[in-house]
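The next block holds one structure in the form of structure tokens; read it before the comments.
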Amino acid sequence: MTENDKPYKVDGEVGRFEFMTHSGSDDSGETCNTAIDLFPKLHAKAYYRTVGFKQIAMIYGATTQSYREVSELINRIRYQQEDGTPFRTLRHNTEGEGGKIVDYISLKTKQILLTNDFTEEGICLNQKRAFSESTVAILPQEQVRQVAEKIERDFKVDGLLDNPLLYENPMECINIAIDDVNVKKQKEEREKIKSNEDSKRKYVHNTVVHIANKDGHYTLNGYGIKTVLCYVMAFLFNNSLVGKRFQFFTDGHRVLDKTILHHFNWYKNKGIILDWFHLVKKCKEQLSLALNGRLNRNMVLSQIMPLLWVGLTDKAIASLKEVDDSVVKSPKAKEKLIDYLERNRSNIPCYAIRKKLGLQNSSAIGEKMNDLLVSKRQKHNGMSWSKDGSVALASITAIKRNGESKRWFSERELDFKIAA
């Protein structure tokens, strides 16, 4: 046995260290190289990073603090301030690890979709296939009627049960909150600004989805709406959830709603609900643009918001159309709000009834996941990100929240299952 020319390098939770490996052969000519046969093969100047190091540096460190701060902390703890892990190396390896998670989920998604007669892009190849969707589990009609009658008395309105949106049984429903989150895009190279167009701030987009039912929840993220919706489809098949009610909660963005309906056109037992917070926000913003003065805006808001809260979209639109022209400063802004309500009519339920029945009205959990996976770590002053770097770090944060980090680092696999 002879020593190999280069030492084997390890970056571990106890520190960075090296040791010699050996090569040799026996009388039969069979060769052995401990650097390859006993340990993972390394290339060039690479270090082998232990599971413990990855958990400390990436899960407990990089998902909550800057790479520089994490590098300084772990090197101080290991008494290796001068010859420890550089922060740029930590960033490179964290982004690489996140990229592997993205690749794994993408490959798993493609395999699941192909197995279930879909293309890799999520297009159903067998539209006639039955997906056990004939029965829609809803709450008892009498229970809904009693709640509706009480609200009608309280609000002095009628016709609440005419709203076509059903009241799903939460025990047989999958709630899916989906939203985009943007962070500043890192410039690939510094160059002189040539025009106003060049000086516009560019952003990196993450799409985050929170999936939940009575058994637990799971969070997914990716490069865009189409990609992540394919993840969602594969996840639902992998968890044997096809056949349940798919209830989406969105902010009313036109592209998002159209993409959801397109990707799930093979499945009838689904619905989209416009998040109440975003509905209120949109009405306030558009009426501020449309009307003269805060008093006029607030007066109209006090008329239409109670109607929207109880799902009477038609009456809210009629009320907007009757606003006196003398207080309107921008007819275009008023028409834009009316068009918005018309477009989202089928996604505006009776929020009051849903609240009394204990059903979800909001995509707030999706907004919270945006904050926990992306914004909290990536939106500090002065930070900018590459597309791959942002999504990769968010992917590591996602497996942390899903309780899958230990399995990923030790087995290089994910359960891809709802967990309590």
Side-chain angles (χ1 to χ4, degrees), residues 3-21 34-36 38-104 183-191 202 204 206 221 223 372-401 404-406 408-410 412:
E3 283 189 350
N4 290 325
D5 295 335
K6 297 180 180 178
Y8 194 88
K9 299 179 179 181
V10 176
D11 209 348
E13 54 193 308
V14 298
R16 272 192 165 194
F17 56 91
E18 303 174 353
F19 58 86
M20 297 307 300
T21 54
T34 59
I36 299 174
L38 298 183
F39 307 107
K41 185 177 180 180
L42 300 178
H43 299 281
K45 299 179 180 180
Y47 279 76
Y48 169 72
R49 288 171 179 84
T50 66
V51 172
F53 173 80
K54 290 180 180 179
Q55 288 177 334
I56 293 172
M58 299 178 188
I59 298 299
Y60 300 111
T63 57
T64 59
Q65 304 176 72
S66 72
Y67 293 118
R68 188 184 297 273
E69 290 172 332
V70 175
S71 176
E72 290 176 355
L73 177 62
I74 61 177
N75 289 334
R76 173 64 184 85
I77 292 173
R78 301 184 307 182
Y79 293 94
Q80 291 187 322
Q81 292 97 315
E82 294 183 2
D83 54 354
T85 305
F87 81 90
R88 288 188 178 86
T89 300
L90 176 60
R91 180 184 64 193
H92 175 76
N93 284 278
T94 302
E95 292 178 356
E97 196 71 33
K100 291 176 183 177
I101 295 172
V102 173
D103 291 342
Y104 176 89
V183 296
K184 292 178 182 178
K185 185 176 181 180
Q186 191 175 66
K187 294 181 180 179
E188 295 183 3
E189 58 183 28
R190 297 182 182 274
E191 57 182 13
K202 295 186 171 117
V204 174
N206 266 276
N221 79 288
Y223 287 107
L372 294 176
L373 264 63
V374 181
S375 301
K376 189 175 181 180
R377 171 66 176 86
Q378 299 185 29
K379 280 195 172 183
H380 296 290
N381 290 336
M383 283 191 173
S384 59
W385 300 81
S386 67
K387 179 180 177 180
D388 292 341
S390 175
V391 175
L393 183 56
S395 298
I396 291 179
T397 309
I399 68 167
K400 174 183 177 181
R401 291 206 57 79
E404 299 233 59
S405 60
K406 289 184 179 179
W408 170 254
F409 288 130
S410 59
R412 315 305 289 175

Roughly how far apart are Thr397 OG1 and Ile101 CD1, rounded to 0.5 Å? 9.0 Å

Test side chain to side chain donor-acceptor pair (under 3.5 Å) applied to Thr21 - qualifying residues, sequence neighbours left out: Asn4

Verdict with reasoning, Ser386 to Val204, per side chain to side chain contact (heavy atoms under 4.5 Å, CB included): CA-CA 7 Å; Ser386 67; Val204 174; over 6 Å; no

For the CZ atom of Arg377 and the CE atom of Met383, what is their distance to the nearest 0.5 Å? 4.5 Å

If you compare all heavy atoms of Ala392 against all heavy atoms of Gly99, which two are closest, and at what distance to 0.1 Å? CB-N, 3.7 Å

Might you confirm whether atom OH of Tyr60 has over 12 heavy atoms from other residues, nucleotides or ligands at distances under 6.0 Å? no

Ignoring hydrogens, what is the shortest heavy-atom contact between Tyr67 and Ala62? Give both atom names and the distance. CE2-CB, 3.7 Å

Please list, chain by chain and in numerical order, all residues satisfying side chain to side chain contact (heavy atoms under 4.5 Å, CB included) with Leu73, sequence neighbours excluded. Gln65, Ile77

Donor-acceptor pair, distance only, cut-off 3.5 Å: does the side chain of Ser390 make one with the backbone of Lys387? no

If you measure from OG on Ser71 to CZ on Arg76, what distance do you get to the nearest 0.5 Å? 13.5 Å

With sequence neighbours left out, what residues match Val51 under side chain to side chain contact (heavy atoms under 4.5 Å, CB included)? Gln55, Phe409

I'd like to check the side chain to side chain donor-acceptor pair (under 3.5 Å) partners of Ser405; sequence neighbours left out, ordered by chain and number. none

Across all chains, not counting sequence neighbours, the ring-ring contact (aromatic ring centres under 6.0 Å, His included) partners of Phe39 are Tyr8, Phe19

Atom pair CD1 (Ile396) and CE (Met58), whose distance is rounded to the nearest 0.5 Å: 6.0 Å

Is there a side chain to side chain contact (heavy atoms under 4.5 Å, CB included) between Arg78 and Thr85 once you walk through the steps? CA-CA 10 Å; Arg78 301 184 307 182; Thr85 305; 2.9 Å; yes

Would one find more than 12 heavy atoms of other residues, nucleotides or ligands at under 6.0 Å from atom CG of Asp5? no

For Asn206 and Leu373, run side chain to side chain contact (heavy atoms under 4.5 Å, CB included): C-alpha distance rounded to whole Å, both residues' side-chain angles, the deciding distance at 0.1 Å, then the answer. CA-CA 10 Å; Asn206 266 276; Leu373 264 63; over 6 Å; no

Counting only pairs under 3.5 Å, give me each side-chain donor-acceptor contact of residues 86-94, with atom names and distances, residues two or more places apart or in other chains.
from  : atom 1 : to    : atom 2 : distance (Å)
Asn93 : OD1    : Arg49 : NH1    : 3.2
Asn93 : ND2    : Thr89 : O      : 2.7
Thr94 : OG1    : Leu90 : O      : 2.7

Without swapping roles, check the side chain of Gln378 against the backbone of Trp385 for a donor-acceptor pair under 3.5 Å. no

Test salt bridge (charged side-chain N to carboxylate O under 4.0 Å, His left out) applied to Arg16 - qualifying residues, sequence neighbours left out: Asp11

Ile59 backbone acceptor or donor facing Lys400 side chain under 3.5 Å: yes

Among residues at least two apart in sequence or on other chains, which ones pass side chain to side chain donor-acceptor pair (under 3.5 Å) with Glu69? Ser66

Using the test side chain to side chain contact (heavy atoms under 4.5 Å, CB included), find all partners of Ser384 that sit at least two apart in sequence or belong to another chain. Lys184, Gln186

Closest approach of His380 and Lys376, non-hydrogen atoms and distance? NE2-O, 2.9 Å

Does Glu95 have any salt bridge (charged side-chain N to carboxylate O under 4.0 Å, His left out) partners at least two apart in sequence or in another chain, and if so, which? none

Side chain to side chain contact (heavy atoms under 4.5 Å, CB included) filter on Glu3, not counting sequence neighbours, yields Met20, His22

List the residues meeting ring-ring contact (aromatic ring centres under 6.0 Å, His included) with Trp408, not counting sequence neighbours, and say none if there are none. Tyr104

Might you point out which heavy atoms bring Gly12 and Thr50 nearest each other, and give the distance in Å? CA-OG1, 3.4 Å

Could you check if a side-chain atom of Val10 sits within less than 4.5 angstrom of a side-chain atom of Phe53, using non-hydrogen atoms only? no

